[in-house]
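Below: the structure, in structure tokens.
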Amino acid sequence: MPELPDVEGFRRVLSEHTGKPIRAVRVRDPGVLRGISARRLAGALRGHRFERPRRHGKWLIAPAGEPVLLLHFGMTGSLSWHSPGEPWHRHDRVAWRFDDGELRFRDMRKLQGIRLAGDEAQAERVLAGLGPDAREVSRRRFGELLSRRRGRLKSVLTDQAVLAGLGNLLADEICWRARIDPRRAAADLDEAERDTLYGAMRRVLRESVKAGRVPPRGTWLTGARDEPHAPCPRCGTPLSSRRIAGRTTVWCPRCQPR
DNA sequence: CGTCACTCCTGCTCGC
DNA sequence: TGCGAGCAGGAGTGAC
């Protein structure tokens with residue numbers, strides 16, 4: 001599930017619980033820990049308080065004094081608040097306990113997970129390979145990034161080293177809104193098309209961040225993409241679908257001509 | 001560089 | 001009812 005808007009939602013959840021001492025860290029499944037043991041994670045955070053969390057792409061970055069907690073939710077992760085004594089969900093992997101409840105990292109597939117950086121400099125090293133955040137990038141920089149890449153538009157938009165935050169659904173949604181075929185070479189777009197794409201990205205992100213996820217509503221491609229050959233929500237033409245760079249890609253052959 | 005195949009995981013749906 | 005295949009909003013690695 002998580003793309004930029006979802007992670008932004010998790011950031012808001014965490015930001016409601018800053019400034020309170022972490023009483024305990026419970027690791028129910030160490031399978032989500034990356035490069036740190038349960039014991040060290042708990043030892044490093046117990047008694048600390050989360051400060052204002054930030055987000056870069058699909059990473060949630062949570063400083064807690066010196067150490068910095070880094071969360072990546074993969075395809076099935078989430079962060080949620082729970083009252084004391086609420087029973088575990090079977091995919092709850094880690095919990096940070098406070099006096100009035102706990103934050104839980106829930107993740108069915110454990111494709112990504114939890115890291116702990118010793119300080120901000122180390123945290124920055126973890127994030128060093130990422131491109132600019134999709135919500136922060138300027139129109140101009142966005143255009144430069146696209147024109148300098150050789151791959152297809154779809155691959156470029158979802159490449160975190162180019163632009164951080166867009167996933168499979170958002171990339172398709174943005175191309176659909178901009179009426180541009182995701183199979184086209186990114187470098188072949190002209191300036192007007194890049195601008196249209198940028199505008200579509202801004203709108204899609206603004207609306208989905210407000211909702212805390214990619215809204216599967218009727219006016220969005222996302223609401224139609226699961227049904228094979230479902231009608232395009234805009235023109236009714238049956239949608240096309242193909243795998244590009246290993247990911248299922250959906251587009252409208254009429255709205256998004258080659 | 002780019003793309004593909006494979007890998008890490010778990011669960012659901014579909015077809016036989 | 002059971003079982004295997006294929007797929008899922010992510011991403012790293014190595015081969016070509």
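Atom set for the values below is all heavy atoms of this structure, side chains included, hydrogens, waters and symmetry mates excluded. Quick note on labels: first sequence line is chain A, next is B, and so on, each numbered from 1.
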Say you pick atom [atom1] in [N] and the same atom in [M]; how far apart are they, in whole Å?
| N | M | atom1 | answer |
| --- | --- | --- | --- |
| dG2(C) | dC9(B) | P | 28 Å |
| dG12(C) | dG11(B) | P | 24 Å |
| dC6(B) | dA5(C) | P | 14 Å |
| dC4(B) | dC7(C) | P | 15 Å |

Donor-acceptor contact present, side-chain [X] to main-chain [Y], <3.5 Å:
| X | Y | result |
| --- | --- | --- |
| Glu173(A) | Leu221(A) | yes |
| Glu193(A) | Asp190(A) | yes |
| Thr76(A) | Gly74(A) | no |
| Arg135(A) | Leu205(A) | no |
| Arg34(A) | Gly113(A) | no |
| His72(A) | Gln112(A) | no |

Expressed as a whole number of angstroms, how long is the span from [X]:[atom1] to [N]:[atom2]?
| X | N | atom1 | atom2 | result |
| --- | --- | --- | --- | --- |
| Ile244(A) | dA11(C) | CD1 | P | 17 Å |
| Arg213(A) | dA8(C) | CZ | P | 19 Å |
| Asp29(A) | dC9(B) | CG | P | 10 Å |
| Leu157(A) | dG10(C) | CG | P | 13 Å |
| Leu111(A) | dT10(B) | CG | P | 10 Å |
| Leu153(A) | dG2(B) | CG | P | 13 Å |
| Met108(A) | dC12(B) | CE | P | 7 Å |
| Leu169(A) | dA8(C) | CG | C1' | 10 Å |

Is there a donor N/O on one and an acceptor N/O on the other, under 3.5 Å, for the side chain of Asn168(A) and the base of dG10(C)?
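Result: no qualifying N/O pair found.
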
Can you check whether [X] has a side-chain N or O nearer than 4.0 Å to OP1 or OP2 of [N]?
| X | N | result |
| --- | --- | --- |
| Lys58(A) | dA11(C) | yes |
| His91(A) | dC9(B) | no |
| Ser155(A) | dG2(B) | no |
| Arg149(A) | dG2(B) | yes |
| Lys110(A) | dC8(B) | no |
| Arg247(A) | dC7(C) | no |

Dot-bracket summary - DNA chain C, pairs being Watson-Crick or G-U whose distances fall under 3.5 Å, with | when paired to another strand
.|||||||.|||||||

Could you please name the option among [options] that lies closest to any side-chain atom of [X]?
| X | options | value |
| --- | --- | --- |
| Gln112(A) | dG9(C), dA11(C), dT3(B) | dA11(C) |
| Arg109(A) | dG9(C), dA8(C), dG11(B) | dA8(C) |
| Gln160(A) | dG9(C), dA11(C), dA8(C) | dA11(C) |

Considering every strand and a 4.0 Å limit on heavy-atom distances, what is the contact class for [X]: base, sugar-phosphate, or nothing?
| X | answer |
| --- | --- |
| Arg34(A) | nothing |
| Thr76(A) | nothing |
| Thr222(A) | nothing |
| Asp172(A) | nothing |

Taking Val214(A) as the fixed residue, which of Leu170(A), Val209(A), Asp172(A) is the one that meets the side chain to side chain contact (heavy atoms under 4.5 Å, CB included) rule?
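The residue from Leu170(A), Val209(A), Asp172(A) that satisfies side chain to side chain contact (heavy atoms under 4.5 Å, CB included) with Val214(A) turns out to be Leu170(A).
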
According to a hydrophobic-cluster definition based on side-chain heavy atoms being under 4.5 Å apart (Ile, Leu, Val, Met, Phe, Trp, Tyr only), do Ile114(A) and Ile22(A) belong together?
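In one cluster: yes.
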
Students often mix this up, so state it plainly: with edges at 30° and 60°, are the rings of Trp81(A) and His17(A) parallel, tilted or perpendicular?
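Rings of Trp81(A) and His17(A): parallel, under 30°.
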
Pick the nucleotide of DNA chain C nearest each of His72(A) and Arg243(A); which residue has the one closer to the 5' end?
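Taking each residue's closest nucleotide, the earlier one in sequence belongs to Arg243(A).
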
